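In each ligand, atom 1 is the first atom listed, and ligand 1 is the first ligand listed. One is the number of the first residue; the rest follow in order along the sequence. For clarity, every value in this text was computed on a predicted model and none was experimentally measured.
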Amino acid sequence: MTKEQLLSLIGDSGQEHILAFWNELNDAEKATLAEQIQSIDFSSVNSWVDGYVLNKPKQEIPADLTPADYFSIVPETEDVAALYENAVKVGEDLIADGKVALCTVAGGQGTRLGFDGPKGTYPTSIIKNKTLFQLFAEQVIGLQNKYETELKWYIMTSCINDTATREFFEANNYFGLKAENVFFFVQGLMPVFDQNGKILLASKGEIAMSPDGHGGTLLAMKKSGALQQMIDNGIEHLSYFQVDNPIASVISPLFVGLHHLEGAEVSARSLTKTGPFEKLGNFCMTEGKLAIIEYSDMPEELATLTDDSGKLAYRAGSPAIHVFRRSFIERVTDGEFSLPFHRADKKVAFVDASGTEVTPEENNAVKLETFIFDSLPLAKNPIILEAVREEEFAPVKNKTGVDSAESCREMMQEKAAKMLADAGVEVPRKEDGLLDCVLEISPASYLTADALKGVDAPVRGEENYYA
Ligand code: UTP
């Protein structure tokens with residue numbers, strides 16, 4: 001493409017500066033920049049800049065907001081207990097019949113973790129150093145063995161980590177899965193803006209771009225053919241989880257069964273928040289629809305509100321675990337479909353107008369992302385099922401401290417300890433109750449019936465791995 005053709009694509013969006021160094025680029029660099037420019041919807045740039053960059057959108061809290069109801073994980077009545085029992089059977093049948101696929105969103109940049117490579121390739125388990133992808137793959141193998149079936153696994157990547165992700169699976173022989181059952185699909189990218197609404201250049205010949213958020217999943221499934229493949233394979237439900245939560249059940253029979261029986265288009269797991277300000281989205285109802293209000297948007301008086309039983313009224317927080325009915329994805333992506341953007345202020349290195357590379361010390365850039373939970377209000381009959389935190393949520397977000405690899409390893413060990421204890425195996429603990437051994441269980445084995453019954457007890461003070 002010529003410079004003139006590219007300028008006409010840029011139109012009146014006020015972003016011509018992205019071609020400032022055009023004459024200094026070689027042919028390959030020109031081709032790359034031209035491709036990036038063609039991928040951007042310049043007709044929307046002015047509205048993005050006005051709506052999200054120059055003006056920070058303030059989330060209005062609807063006057064009719066109420067906490068959303070959820071199914072408690074411990075059934076409160078006999079009827080609910082019977083419903084759960086049936087749901088488990090229904091869920092197991094759906095899995096065995098190959099009607100449930102998995103979806104892992106792995107397109108993020110993992111900036112907080114600061115790891116060089118796709119987050120899914122981060123070594124996480126405490127003894128074997130298994131990566132996040134391997135831990136999920138082993139769960140899939142466990143389910144396949146348990147239900148004598150084959151499962152399809154959809155993994156969302158972004159241009160930034162797609163090749164590295166595919167190569168990682170190839171190099172590791174898909175961790176024992178069949179390559180044809182693992183389907184990678186690439187999400188969209190958005191340009192990164194400076195705080196004045198100008199698109200940033202990462203180098204003289206490259207626009208700074210970032211993934212368009214996990215909200216890009218549904219459209220990317222449609223565009224990539226993943227959705228069509230689900231249709232062709234008779235898959236009815238998609239079990240969705242994030243790549244950085246290795247203890248999430250890749251498919252929960254109870255959850256998928258309940259979602260199916262209740263006729264839900266989208267379902268969500270919830271966690272009981274540890275306190276009013278825990279950094280989880282809040283499940284709410286407004287205008288008869290389920291919605292999530294981000295923790296940062298929740299007014300203090302609502303966050304701290306208590307109900308008649310003295311519990312936090314808005315205690316149901318989101319660990320970003322969902323089931324989507326395939327027909328819902330088909331319905332919403334048929335025609336115009338968009339989710340609102342959320343703005344994130346970040347530090348992004350760039351090339352300034354003089355061509356000098358700048359590494360900022362303060363936030364200088366605005367990234368725009370859509371969030372998957374904004375699809376909840378579009379869903380008919382959505383349900384929420386509470387999850388036991390220790391069994392389902394140990395995110396790896398940060399290098400150390402809260403929600404880090406460190407805290408995740410501790411929780412993985414506690415989950416392993418509980419499984420062993422449930423199987424009647426004595427687990428050594430110190431006087432203060434902390435584990436007195438190092439524990440790891442292969443997810444492949446803990447999903448296979450009775451795998452842990454009768455195993456040797458962990459040796460005090462030693463590493464104990466259960467394959
Ligand atoms: P986070 O919001 O934690 O973002 O993503 P992140 O990119 O992994 O990490 P930071 O914020 O840069 O430190 C939650 C989940 O959503 C996926 C991530 O891969 C992770 O599984 N995600 C996020 C995407 O797939 N695409 C995106 O554009 C953003």
Side-chain angles (χ1 to χ4, degrees), residues 39 52 102-122 124 131-133 135-136 153-162 164-166 168 183-192 208-221 223-224 226 238-248 250 268-269 271 278-281 292 294-296 317-322 324 338-349 363 365-375 392-405 407-408:
S39 75
Y52 299 98
L102 307 72
C103 176
T104 309
V105 283
Q109 289 173 299
T111 36
R112 282 170 286 172
L113 188 61
F115 170 65
D116 191 17
K119 211 188 217 184
T121 66
Y122 186 73
T124 303
T131 61
L132 294 164
F133 281 136
L135 290 167
F136 293 126
W153 185 11
Y154 296 92
I155 299 176
M156 185 165 84
T157 63
S158 70
C159 284
I160 293 162
N161 64 19
D162 183 65
T165 304
R166 288 173 200 252
F168 188 72
F183 189 102
F184 300 95
F185 65 104
V186 185
Q187 68 174 114
L189 294 178
M190 285 288 286
V192 178
M209 306 278 282
S210 70
D212 63 358
H214 39 65
T217 310
L218 304 181
L219 210 51
M221 287 202 80
K223 286 188 180 164
S224 65
L238 191 66
S239 178
Y240 168 105
F241 52 91
Q242 301 190 329
V243 75
D244 50 19
N245 181 18
I247 71 168
V250 296
R269 300 296 312 248
L271 297 177
E278 193 188 359
K279 293 183 173 176
L280 293 176
I292 287 188
E294 278 191 276
Y295 60 87
S296 48
S318 172
I321 301 171
H322 300 287
F324 291 89
S338 64
L339 294 173
F341 283 109
H342 295 253
R343 164 196 176 121
D345 290 81
K346 302 266 179 177
K347 280 184 242 165
V348 174
N363 288 341
V366 177
K367 292 186 178 182
L368 299 182
E369 293 189 341
T370 58
F371 292 166
I372 193 75
F373 62 67
D374 282 320
S375 67
E392 295 289 342
F393 192 58
V396 183
K397 298 281 183 197
N398 306 307
K399 263 198 152 54
T400 53
V402 180
D403 294 345
S404 64
S407 63
C408 174

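- Nearest protein heavy-atom neighbour of atom 28 (O) of ligand 1: Gly213 N, 2.7 Å.
- Of the options Gly108, Gly110, Gly114, the smallest heavy-atom separation from atom 9 (O) of ligand 1 is shown by Gly110.
- For the pair Trp153/Val250, no side-chain contact is recorded, criterion being any heavy-atom separation below 4.5 Å from C-beta on.
- Aromatic ring centroids of Phe184 and Tyr154 lie 6.0 Å or more apart.
- Close approach of ligand 1 to Gly107 (heavy-atom distance below 4.0 Å) involves ligand atoms 19 (O), 24 (C), 25 (O), 26 (N).
- Ranking protein heavy atoms by distance to atom 2 (O) of ligand 1, first place goes to Arg112 NH2, 4.1 Å.
- Asn161 meets the side chain to side chain donor-acceptor pair (under 3.5 Å) test with no other residue; sequence neighbours excluded.
- Interface atoms of ligand 1 facing Met156, defined by a heavy-atom separation under 4.0 Å, are 25 (O).
- Within the model, atoms OG of Ser39 and CE of Met209 stand 4.0 Å from one another, a figure rounded to the nearest 0.5 Å.
- In this structure, of Gln242, His214, Gln187, the residue bringing a heavy atom nearest to atom 26 (N) of ligand 1 is Gln187.
- A side-chain N or O of Asp162 and one of Thr157 form a donor-acceptor pair less than 3.5 Å apart.
- Proximity annotation for atom 10 (P) of ligand 1: of Asp403, Val105, Thr111, Thr111 comes nearest, heavy atoms only.
- With a 4.0 Å heavy-atom cut-off, ligand 1 is reached by the backbone of Ala106 but not by any atom from C-beta on.
- The residue from Lys397, Lys367, Gln109 that puts a heavy atom closest to atom 7 (O) of ligand 1 is Gln109.
- Taking the six-membered ring for Trp and thresholds of 30 and 60 degrees, Phe324 and Tyr240 have ring planes more than 60 degrees apart, a perpendicular arrangement.
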Distance-only donor-acceptor hits, side chain of residues 340-347, under 3.5 Å, sequence neighbours excluded:
{"from": "His342", "atom 1": "ND1", "to": "Glu294", "atom 2": "OE1", "distance (Å)": "3.2"}
{"from": "His342", "atom 1": "NE2", "to": "Asp374", "atom 2": "OD2", "distance (Å)": "2.7"}
{"from": "Arg343", "atom 1": "NE", "to": "Asp345", "atom 2": "OD1", "distance (Å)": "2.9"}
{"from": "Arg343", "atom 1": "NH1", "to": "Tyr52", "atom 2": "O", "distance (Å)": "2.9"}
{"from": "Arg343", "atom 1": "NH1", "to": "Val53", "atom 2": "O", "distance (Å)": "2.7"}
{"from": "Arg343", "atom 1": "NH2", "to": "Asp345", "atom 2": "OD2", "distance (Å)": "2.8"}

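- Nearest protein heavy-atom neighbour of atom 8 (O) of ligand 1: Lys119 NZ, 3.3 Å.
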